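Quick caveat: nothing in here was measured; it's all calculated off a predicted structure.
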Amino acid sequence: MAILLAEVDKVARLSDGSHCPIILCGDLNSVPDSPLYNFIRDGELQYHGMPAWKVSGQEDFSHQLYQRKLQAPLWPSSLGITDCCQYVTSCHPKRSERRKYSRDFLLRFHFCNIACQRPAGLVLMEGVTDAKPERPAGWAESLLEEGTSEPEPVFPRTIGTIQHCLHLTSAYTHFLPQHGLPEVTTMPLGLGTTVDYIFFSADSCENGNGTDHRLYQDGTLKLLGRLSLLSEEILWAANGLPNPFCSSDHLCLLASFGMEVTAP
């Protein structure tokens, strides 16, 4: 997600530091109000020490003995992405725009020290978890080989917090207005849930109800309408997903936007 937001920031950033209107669509494999969803909408996530399974909110692995927890920083500085989900080259235009993601570069993550260590409490399963990556002869143990021509970028990293400044909100409310039942976009294992979204640029406004959720109002983009989703109950009446009326295991999302364009 950080790489995606950094790419969006790179193409949408204007010369004055603001962003042109953004519409971000996708199957994010995360449910509403999960940490990942809130990060996209609120622009900040305090992740240090959070169990990794909590990020998407799709499954509950709290009963498992071993729970991998997120540690700071989430990604190495060699990716060239700051904790504000921006490329260093965007923050410092004088730096080279070129960054190679070659096979050798990615293999450094596969054979780095932490990848060659067995997690504590990992269940031993023959043919699955009994293998240990063997670092090729002469391969550097660190993520960056010694003597590399391009040094690792140096920029400040925050402790356990990531942010972005794209000001996104969801085109859907995730609840059906008629009776308050949750909207459903897919039914994995027969359970209705929402994992598909249309996020768009909006202006934040004063939150008068005292909750932590930020409120938004139309900005340059104005949400004109959206295709209504269905509840789990209605989908079960049609034999779930897919069914004779919908050949996909996901429902379509559709939104209509207006944008006021002023002449220069």
Side-chain angles (χ1 to χ4, degrees), residues 1 4-5 8 12 19-46 53-60 163-261:
M1 181 56 65
L4 172 62
L5 294 177
V8 172
H19 294 86
C20 65
I22 297 164
I23 298 176
L24 177 64
C25 313
D27 174 2
L28 302 183
N29 287 329
S30 299
V31 300
D33 282 330
S34 64
L36 182 65
Y37 173 91
N38 290 335
F39 168 58
I40 297 172
R41 186 196 58 192
D42 297 338
E44 182 173 305
L45 174 63
Q46 297 180 358
W53 60 265
K54 275 190 175 182
V55 175
S56 72
Q58 286 187 291
E59 296 178 286
D60 185 355
Q163 298 174 316
H164 72 83
C165 56
L166 299 181
H167 303 293
L168 301 173
T169 192
S170 174
Y172 283 81
T173 61
H174 315 310
F175 287 92
L176 297 171
Q178 301 89 343
H179 32 63
L181 293 176
E183 295 173 331
V184 169
T185 68
T186 187
M187 299 184 70
L189 303 177
L191 299 176
T193 187
T194 290
V195 296
D196 307 279
Y197 301 95
I198 298 177
F199 288 99
F200 69 99
S201 300
D203 293 336
S204 58
C205 59
E206 191 67 25
N207 190 347
N209 57 11
T211 66
D212 292 331
H213 297 300
R214 295 185 183 179
L215 299 180
Y216 293 90
Q217 58 188 3
D218 285 338
T220 305
L221 284 177
K222 292 174 172 53
L223 178 62
L224 303 179
R226 56 180 176 255
L227 178 66
S228 178
L229 291 169
L230 301 174
S231 66
E232 182 178 1
E233 180 183 7
I234 294 175
L235 287 172
W236 267 124
N239 294 323
L241 286 174
N243 57 51
F245 313 102
C246 179
S247 59
S248 173
D249 60 342
H250 289 249
L251 293 178
C252 291
L253 277 65
L254 177 64
S256 178
F257 296 94
M259 185 170 67
E260 214 172 287
V261 180

Notebook entry, point to check: Could you go step by step and tell me if Val184 and Leu229 meet the side chain to side chain contact (heavy atoms under 4.5 Å, CB included) rule?
Noted result: CA-CA 7 Å; Val184 169; Leu229 291 169; over 6 Å; no
Item checked: Asp27 (side chain) donor-acceptor with Asn29 (main chain) under 3.5 angstrom -> yes
Check: When the ring centroid of Tyr197 is compared with that of Tyr172, is the distance short of 6.0 Å?
Finding: no
Next item on the list: Would you sort out whether Leu251 and Leu227 count as a side chain to side chain contact (heavy atoms under 4.5 Å, CB included), showing the intermediate values?
Entry: CA-CA 10 Å; Leu251 293 178; Leu227 178 66; over 6 Å; no
Notebook entry, point to check: What closest approach, in Å, do Ala238 and Pro244 show between heavy atoms, and which atom pair accounts for it?
Noted result: O-CD, 4.3 Å
Note to self: Does Thr185 form a side chain to side chain contact (heavy atoms under 4.5 Å, CB included) with Val195? I'd like the steps, not just the answer.
What the structure shows: CA-CA 7 Å; Thr185 68; Val195 296; 4.1 Å; yes
Note to self: Measuring from atom CH2 of Trp53 to atom CD of Gln58, what distance do you get when rounded to the nearest 0.5 angstrom?
What the structure shows: 12.5 Å
Note to self: For Ser30, give me all partners under side chain to side chain contact (heavy atoms under 4.5 Å, CB included), at least two apart in sequence or on another chain.
What the structure shows: Ser34, Leu36, Ser56
Next item on the list: Quick one: pull up CG in Leu241 and CG in Leu235 and give me the separation to the nearest 0.5 Å.
Entry: 5.0 Å
Item checked: For Pro32 against Thr194, the heavy-atom pair lying closest together -> CD-O, 3.5 Å
Notebook entry, point to check: Can you find a heavy atom in the side chain of Leu45 that is under 4.5 Å from one in the side chain of Asn38?
Noted result: no
Notebook entry, point to check: Going by heavy atoms in the side chains, are Phe200 and Ile22 under 4.5 Å from each other?
Noted result: no
Note to self: By the side chain to side chain donor-acceptor pair (under 3.5 Å) test, which pairs, at least two apart or in different chains, include something from residues 242-261?
What the structure shows: Asp196-His250
Item checked: Student check: side-chain heavy atoms of Leu223 and Phe257 closer than 4.5 Å -> yes
Check: Atom CG of Leu191 and atom CH2 of Trp236: how far apart are they, to the nearest 0.5 Å?
Finding: 8.0 Å
Next item on the list: Find the distance between CG (Asp42) and CG (Leu168) and round it off to the nearest 0.5 Å.
Entry: 10.5 Å
Notebook entry, point to check: How long is the gap from OG1 on Thr169 to CD1 on Ile40, to the nearest 0.5 Å?
Noted result: 11.5 Å
Name each donor-acceptor pair under 3.5 Å that joins a side chain in residues 174-183 to protein atoms two or more places apart or in another chain, with its distance.
from   : atom 1 : to     : atom 2 : distance (Å)
His174 : NE2    : Tyr37  : OH     : 2.8
His174 : NE2    : Ser170 : OG     : 3.4
Glu183 : OE1    : His174 : N      : 2.9

Next item on the list: Can you sort out the partners of His19 under side chain to side chain donor-acceptor pair (under 3.5 Å), two or more places apart, ordered by chain and number?
Entry: Asp9
Notebook entry, point to check: Quick one: side chain to side chain contact (heavy atoms under 4.5 Å, CB included) partners of Thr220, sequence neighbours excluded?
Noted result: Pro21, Met259
Notebook entry, point to check: With sequence neighbours left out, what residues match Ile234 under side chain to side chain contact (heavy atoms under 4.5 Å, CB included)?
Noted result: Leu230, Ser231
Next item on the list: Please report the C-alpha distance between Leu166 and Ser201 in whole Å, then the side-chain angles of each, then the deciding distance to 0.1 Å, and finally whether the side chain to side chain contact (heavy atoms under 4.5 Å, CB included) criterion is met.
Entry: CA-CA 7 Å; Leu166 299 181; Ser201 300; over 6 Å; no
Note to self: To the closest 0.5 Å, what do you measure between CG (Leu253) and CD1 (Ile198)?
What the structure shows: 5.0 Å
Notebook entry, point to check: What pairs with Cys252 under side chain to side chain contact (heavy atoms under 4.5 Å, CB included), at least two apart in sequence or on another chain?
Noted result: none
